[in-house]
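Hydrogens, waters and symmetry mates play no part in the numbers below; they use all other heavy atoms, side chains included.
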Amino acid sequence: MNPSPICVPADTLVEDAMHLMREKRIGSVITRPRQDGQWGIMTQRDVISRIVSANRQPRTVKVGDVASKPLITVPVDMSLHDCADKMSSQNIRRVVAVDQNNEPIGIISDTDIFASVEQFGMPE
């Protein structure tokens, strides 16, 4: 898991979030809820499909308008197998680990799971 995920307000411009992602060398940012109360996640894939492919300007679009919602979350103590199963069934590449208060504390990517299994093997 990548701890301490970067969270941005939903009203952040995509262009600013893209600069932050490149600067921090991360593939996604979590968006704080608007009035709807839903957290979201904007990934590089969202930028490609919802900005570049749609011929929109990142300097005029807000992160909350392109972020994937609802945010798919897992409890921090979920097993690796169950986490991978959830990601597979939802057809997503990232889930957000949340604490007891449903606050994001990390992002688990398919790359993280792959690296863990490759390095440590399958958990018992």
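No donor-acceptor pair closer than 3.5 Å links the side chain of T31 to the backbone N or O of G64. Under the 3.5 Å distance criterion, the side-chain polar atoms of S89 are matched with a main-chain donor or acceptor of K86.
Hydrophobic clustering places V74 together with I92 (ILVMFWY residues linked when any side-chain heavy atoms are closer than 4.5 Å, directly or through intermediates). Under the 4.5 Å side-chain contact rule for hydrophobic residues, L13 and V61 do not share a cluster. Both M87 and M122 belong to a single network of hydrophobic side chains, linked directly or stepwise wherever heavy atoms of I, L, V, M, F, W or Y lie under 4.5 Å apart.
Going from atom CD1 of I105 over to atom CE of M1 covers 4.5 Å, rounded to the nearest 0.5 Å. Taking CD1 of I26 as the start and CD of Q44 as the end, the distance is 9.0 Å to the nearest 0.5 Å. Here the CG-CG distance, from D46 to D65, works out to 12.0 Å after rounding to the nearest 0.5 Å. The line from CZ of R50 to OG1 of T43 is 7.5 Å long, rounded to the nearest 0.5 Å.
Partner T12 forms a side chain to side chain contact (heavy atoms under 4.5 Å, CB included) with one of L20, V29, V63 and no other, that one being V63.
Salt-bridge check for D112 with R94: failed, with every basic side-chain N at 4.0 Å or more from each acidic carboxylate O.
Within a 6.0 Å sphere centred on CZ of R34, heavy atoms belonging to other residues, nucleotides or ligands number more than 12. Within 6.0 Å of CD on E103 lie more than 12 heavy atoms contributed by other residues, nucleotides or ligands.
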